[in-house]
Every structure is written in C-alpha cells, then in structure tokens.
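Quick notes on the structure that follows.
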Amino acid sequence: MKINLVTVGRPKLEYAKRGFDEYFTRFSRLHTVRHTAVADKYAYDAGYILDATKATTRIILEIAGTEYTSEQLAAFLRKRELESREISFIIGGPEGLPQAVRDAADYQWSLGRLTLPHDLAMVVTLEALYRASTINARLPYHK
C-alpha cells in the first residue's frame, strides 16, 4: 500500500523526533511510505495541502472524526488497500486544518477526545498505523 503522511512541520521536540523516526522506519517496512512536511507558512493554505494530496484518498486527523480500536483501524486499512489508491493521512498544525481541506477529506479519523501536542500527535498517528499494519500482517507486535 502507498501511504503519504502529510504533516504541518516536522517534530521539533527531541523525544518526538526519535519516536517519529522509529515508527516511520518500522511502518516503512510494511508499506511504501513517504512523508510530506508542509512548511509552517503553508499550514493554513488549503490549496497547497490539497495539491500535496491530489489523486489520493484523503484521511484527516480531526478530533470529531471516527475513533477506532487497533483492530478496527486494521480493518479500515484493509478496505483502503483493496481500493488500490494512495492514501494521505493529513495532520494539521496546532490550529487544525483549513475548512477547504476538511471539506475535501474522504474520511476523518480521531485519535480520541484529548487534545494532543502537535509533535505527539504525529508520533501517536504513526504508532497506531504501524500497530494496525502489524495486525494485518499477523506480526506479534500488537500483543
């Protein structure tokens, strides 16, 4: 499966940089993954973000989106894999995503009702995607 992780900026805090790199490497072993880091100056430029995700299935991280267990996320990824389209997971900046990006999203995914620091949200997203992928690959990580 081809996956584009789109984030506003890159992790800045040292723990988040290490976590992001670790889970990006692990996740990349299971899928073809790329990271598109949108510069802060384009954080609220809907056109820029939409151009970076054109011709893909857009999944935005949104607090009001659908919450999944790890198993449900794995099933969601299996269904998307059958569609044979690249998937873009889009994580907005500290103020969220522009309304036009929200409107263009195919799916909204919530990590939960808690507000997470931007850096931590990037790490948690990658870990959750990696965990779901190990479930689908029947690897022992999940347990």
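The first residue in the sequence is number 1, and the count goes up from there. What's counted below: heavy atoms across the whole structure, side chains too, no hydrogens, waters or symmetry copies.
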**Request:** Classify the ring geometry between Phe20 and His35 as parallel (under 30°), tilted (30 to 60°) or perpendicular (over 60°).
**Result:** tilted
**Request:** Answer yes or no: does atom NZ of Lys54 have more than 12 heavy-atom neighbours from other residues, nucleotides or ligands under 6.0 Å?
**Result:** no
**CZ (Arg78) with more than 12 external heavy atoms under 6.0 Å** = yes
Tell me the closest heavy-atom pair linking [X] and [Y], and the distance in Å.
X      : Y      : answer
Ala74  : Ile135 : CB-CG2, 3.8 Å
Ala132 : Ser70  : CB-O, 4.0 Å
Gly92  : Leu97  : CA-CD2, 3.4 Å

Side-chain donor-acceptor pairs under 3.5 Å in residues 58-65, sequence neighbours left out?
residue	atom	partner	partner atom	Å
Arg58	NE	Thr53	OG1	2.6
Arg58	NH2	Leu50	O	3.1
Glu62	OE1	Arg102	NE	3.1
Glu62	OE1	Arg102	NH2	3.0
Glu62	OE2	Arg102	NH2	2.9

Using the rule that Ile, Leu, Val, Met, Phe, Trp and Tyr join whenever any side-chain heavy atoms are under 4.5 Å apart, tell me whether [X] and [Y] fall into a single cluster.
X      : Y      : result
Val6   : Ile91  : no
Leu126 : Leu13  : yes
Leu116 : Ile90  : no
Val33  : Val8   : no
Tyr23  : Leu129 : yes

**Request:** Taking the six-membered ring for Trp and the single ring otherwise, decide whether the centroids of Tyr130 and Phe24 are under 6.0 Å apart.
**Result:** no
Can you find a pair of side-chain heavy atoms, one from [X] and one from [Y], that are under 4.5 Å apart?
X      : Y      : value
Thr56  : Asn4   : no
Leu111 : Thr125 : yes
Glu67  : Gln72  : no

**Request:** Please report the C-alpha distance between Ile3 and Met1 in whole Å, then the side-chain angles of each, then the deciding distance to 0.1 Å, and finally whether the side chain to side chain contact (heavy atoms under 4.5 Å, CB included) criterion is met.
**Result:** CA-CA 6 Å; Ile3 296 174; Met1 179 178 346; 4.0 Å; yes
**Prompt:** Is a donor on one side and an acceptor on the other found under 3.5 Å between the side chain of Ser110 and the backbone of Gly112?
**Reply:**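 Present.
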**Message:** For the backbone of Ala16 and the side chain of Asp119, can you confirm whether one donor and one acceptor N or O come within less than 3.5 Å of each other?
**Reply:**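 Answer holds: no.
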**Request:** Please assess Tyr48 against Val38 for the test side chain to side chain contact (heavy atoms under 4.5 Å, CB included), listing each intermediate value before the final yes or no.
**Result:** CA-CA 8 Å; Tyr48 188 89; Val38 175; 3.8 Å; yes
**Fill in**
Here the ring pair (Phe, Tyr, Trp, His ring centres under 6.0 Å) pairs for residues 78-103, sequence neighbours left out, are Phe89-Trp109
**Message:** When you compare the side chains of Asp106 and Thr57, does any donor N or O come within less than 3.5 Å of an acceptor on the partner?
**Reply:**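 No donor-acceptor contact under 3.5 Å links the two side chains.
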**Asked** Is the Lys NZ or Arg CZ of Arg29 less than 6.0 Å from the centre of Phe27's six-membered ring, within 45° of the axis?
**Response**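 That pair does not qualify as a cation-pi contact.
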**Prompt:** Just how far is it from atom CG of Leu77 to atom OH of Tyr68, taken to the nearest 0.5 Å?
**Reply:** 9.0 Å
**Prompt:** If you round to the nearest 0.5 Å, how far is CG of Asp21 from OG of Ser28?
**Reply:** 10.5 Å
**Request:** May I have the step-by-step check of salt bridge (Lys or Arg N to Asp or Glu O under 4.0 Å) for Arg131 and Glu127, ending in yes or no?
**Result:** CA-CA 6 Å; Arg131 181 177 297 273; Glu127 193 284 334; 2.9 Å; yes
**Check ion pair Glu22-Arg26 (N to O, under 4.0 angstrom)** = yes
**Prompt:** Which residue, Lys2, Arg80, Arg34, forms the side-chain hydrogen bond (donor to acceptor under 3.5 Å, both in side chains) with Glu86?
**Reply:**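 Of Lys2, Arg80, Arg34, side-chain hydrogen bond (donor to acceptor under 3.5 Å, both in side chains) with Glu86 is met by Arg34 alone.
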